[in-house]
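Here the structure is a predicted model, which means the values were calculated and not measured.
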Amino acid sequence: MSLSAELTRYLASVHPYDSLAEPDLLDLAAVCSIQDMRAGETIFATGDVVEFLYLLVAGEVEVFDETGATLSLLGPRNSFGERAILRGERASRTAKILSDASMICIPADVLTRLIAEHKAISKFFNRTGRAQPHRQDLTTMAVDALMTRDPVVCGLDATIREAASKMYAHRISSVCIVEAEAFKGIVTLRDMNGKVIVEGADPTAPVSSIMSDAPLTLGPAALVTDVLHLMVERGIGHVPIVEGDRLVGIVTQTDLTRAQAMTSADLVGRVAKAQDAAQMARATAEIPQLLVQLISAGARHEVVTRLITDIADTATRRLLALAEAEFGPPPVPYLWLACGSQGRQEQTGVSDQDNCLILSDDVTEADLPYFEALARFVCDGLNTIGYVYCPGDMMATNPRWRQKLSVWRNYFDGWIARPNPEAQMLASVMFDLRPIGGDASLFDGLQAETLKKASANSIFVAHMVANSLKHHPPLGLLRGLATIRAGEHRNQLDLKHNGVVPITDLGRINALQGQLAPVNTRARLEAAMEASLVSPSGGADLLEAYDLIATMRLEDQVSQIKAGLAPDNYLDPASLSDFERSHLRDAFVVVKTMQSAAGSGKGALS
């Protein structure tokens, strides 16, 4: 077998090159070369120009940064070098042969062209945070991002009247006919009007007598534009989505209209005008579908979480307004604040509530029942619309977190002066405070004062750093990933507590040490780089690690939503490709390295 044939065969077995058509694979193989190197040899070093993307066929490669900290240990089918190529920079790390290796070398300009010309390859490298996202609009999404997944159905022997009753009860314009789980046809309002009302078909006859038994269908991989073209060309308003002979969904003109109208601004508007929590809940129930659309359109994770958090902020302010309408104007100024993921503007498809109240120092004992009732009204409303009660009772309904401003100052002063385990935990939560509704002047200066006092107390800072290292990235022995060992989520990764939270903690420590105002994790990391609290390469690596982990978390939630499941934070690593698992592990190694640097007191890779 020729070298070109061997290269073609190997490339066809590795994702994402397996997505290339045979002519493209042959063209790629023709410009690639094979390089063999011995253990101990350096492939490229910090400051070198990287001319190739290296795809490891055999052997092992170690990648480390300028401080000598190991970032990756790579085996066969893993690749490296794309970081410098896609950034157009010289290498910021060194790659060294750990055991005798053989590598396929893909020229840098060829990789750049492949990413520009092939969507699957662009998406693949984007998942590592090293390429620009492939933007989509509604028409270029796959139909499974917006189709109705549980269409109303009936059997072949159901009567016309029974089918009509289902359409009336569900306020829909069609019913799909299914027999033994196989799709058989569809009946629409047009069929009912034409064949029953006009032609006089017997309502007790089988629905199969009026159904369209060979309707036009599409598969779940079809694009929304395919649906639009089919509807316009054939003059139809319903397209069943069929996989094999199994009905998996349906797209109607109503679905398309709703999808075009459903934006975060649309949901914010509906929540802002809601008359009660039940009406809000009908809008917030669409957040999972909004998440699907945003991720399918290629929106970055920090944009998605910001838009979703905006809905929670609006809901909170609307509930505060409804509470004041119910109980009358507040007797003294107050400020409602969010902490946790809402405070950081990082809410995903699954979020509980974390909040508190700061009251004016003018508050009296006689005023307190008002604010107790207001807190209960708002927290109950948030729970009703999907932001469940905080399991740790970190809510304004808890009198401890509903206090006047002077008490809050004493809280922070006490936590800083006596950093016991509870104080460390509470300070971690409360350093993420963000005003939502009420008199914002009550927060003016409090954050800056607290950061100044905290950063000046070396004992408190040391305790906070130690507390931030309690959440460990899931790294196992022998370059593997450490999954959960038992219980409901056995063999899965917790992308929240072992993925995102360690980075959130590092960002918070940076904000504390540098007295940085941002609360959002990514903004904190960027501010830390600007303030030279972290080295340029260390900060860039941590940002990329955060982007990769946070994006995988959201994409996995989208997959769960598409499967009809409630989204959670657990990922089965078996669902990932070799390349994805490798880069996810690389991201965890970066986080672990940054934690080690923070714990040693040397700063984050500085």
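Nearest heavy-atom pair, Val110 versus Leu28, reported as atom, atom and distance to 0.1 Å: CG1-CD1, 3.7 Å. Closest of all the heavy-atom pairs between Pro518 and Ala511 is O-CB, 4.5 Å. Contact detail for Cys390 and Gln353: the closest heavy-atom pair is CB-O, 2.9 Å. Closest non-hydrogen pair, Leu571 versus Ser575, comes out as CD1-OG, 3.8 Å. The heavy-atom pair separating Gly349 from Pro567 by the smallest distance is O-CG, 3.5 Å.
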Inset, instruction - Take Val61 and Ile97, measure what side chain to side chain contact (heavy atoms under 4.5 Å, CB included) needs, and give me the verdict at the end. - result: CA-CA 5 Å; Val61 169; Ile97 301 296; 3.9 Å; yes
Inset, instruction - Begin with the C-alpha distance, continue with both residues' side-chain angles, and end with the deciding distance and a verdict on side chain to side chain contact (heavy atoms under 4.5 Å, CB included) for Trp408 and Phe443. - result: CA-CA 10 Å; Trp408 278 101; Phe443 195 63; over 6 Å; no
Legend entry - Steps toward side chain to side chain contact (heavy atoms under 4.5 Å, CB included) verdict (Met103, Ile43): CA-CA 10 Å; Met103 298 166 290; Ile43 307 164; 3.8 Å; yes
Inset, instruction - Step by step, work out the side chain to side chain donor-acceptor pair (under 3.5 Å) result for Gln342 and Asp313. - result: CA-CA 8 Å; Gln342 185 182 359; Asp313 291 354; 2.9 Å; yes
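Arg83 and Ser92 form a side-chain donor-acceptor contact under 3.5 Å, judged by distance and modelled atom types alone. The closest side-chain donor-acceptor pair between Asn420 and Glu422, if any, does not fall under 3.5 angstrom.
Using modelled atom types, one side-chain atom of Asn498 and one backbone atom of His472 make a donor-acceptor pair closer than 3.5 Å. Between the side chain of Arg77 and the backbone N or O of Ser13 there is at least one donor-acceptor pair closer than 3.5 Å. A donor-acceptor contact shorter than 3.5 Å is absent between the side chain of Ser19 and the backbone of His15. A donor-acceptor pair is defined here as one N or O able to donate and one able to accept, closer than 3.5 Å; such a pair exists between the side chain of Gln595 and the backbone of His471. Between the side chain of Asp494 and the backbone N or O of Lys496, at least one donor-acceptor pair lies under 3.5 Å. Checking side-chain atoms of Arg524 against main-chain N and O of Asn510 turns up no donor-acceptor pair under 3.5 Å.
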Using atom types as modelled, flag every donor-acceptor pair under 3.5 Å from a side chain in residues 30-42 to any protein atom, sequence neighbours excluded.
unit_1	atom_1	unit_2	atom_2	d
Asp36	OD1	Ser102	OG	2.9
Arg38	NH1	Asp100	OD2	3.0
Glu41	OE2	Arg38	N	2.5

Report, one line per pair, each donor and acceptor closer than 3.5 Å where one atom sits in a side chain of residues 453-468; sequence neighbours left out.
unit_1	atom_1	unit_2	atom_2	d
Lys453	NZ	Asp413	OD1	3.0
Ser455	OG	Leu451	O	2.9
Ser455	OG	Lys452	O	3.2
Ser455	OG	Gln515	NE2	3.1
Asn457	OD1	Ile459	N	3.1
Asn457	OD1	Phe460	N	2.9
Asn457	ND2	Ile416	O	3.3
His463	ND1	Gln424	NE2	3.3
Asn467	OD1	Lys470	NZ	3.3
Asn467	ND2	Ser428	OG	3.3
Ser468	OG	Val465	O	2.6

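Applying the 6.0 Å contact sphere to CZ of Arg306 captures no more than 12 heavy atoms from other residues, nucleotides or ligands. The environment of NZ in Lys96 is sparse: at most 12 heavy-atom neighbours from other residues, nucleotides or ligands sit within 6.0 Å.
Classified by interplanar angle (parallel below 30°, tilted 30° to 60°, perpendicular above 60°), the ring pair Phe80/Phe44 is tilted.
Taking 4.0 Å as the cut-off between side-chain N and carboxylate O, Asp547 and Arg522 count as a salt-bridged pair. In summary, Asp354 and Arg344 do not engage in a salt bridge, as defined by a charged side-chain N under 4.0 Å from a carboxylate O. Arg113 has no carboxylate O lying under 4.0 Å from a charged side-chain N of Asp109, or vice versa, which leaves the two without a salt bridge.
Counting only heavy atoms from C-beta outward, the side chains of Tyr54 and Ser79 never approach each other to under 4.5 Å. Contact annotation: the side chain of Leu543 approaches that of Met529 to within less than 4.5 Å [non-hydrogen atoms, C-beta and beyond].
The side chain to side chain contact (heavy atoms under 4.5 Å, CB included) search around Ala29 returns Ser4, Leu7, Thr8, Leu11, not counting sequence neighbours.
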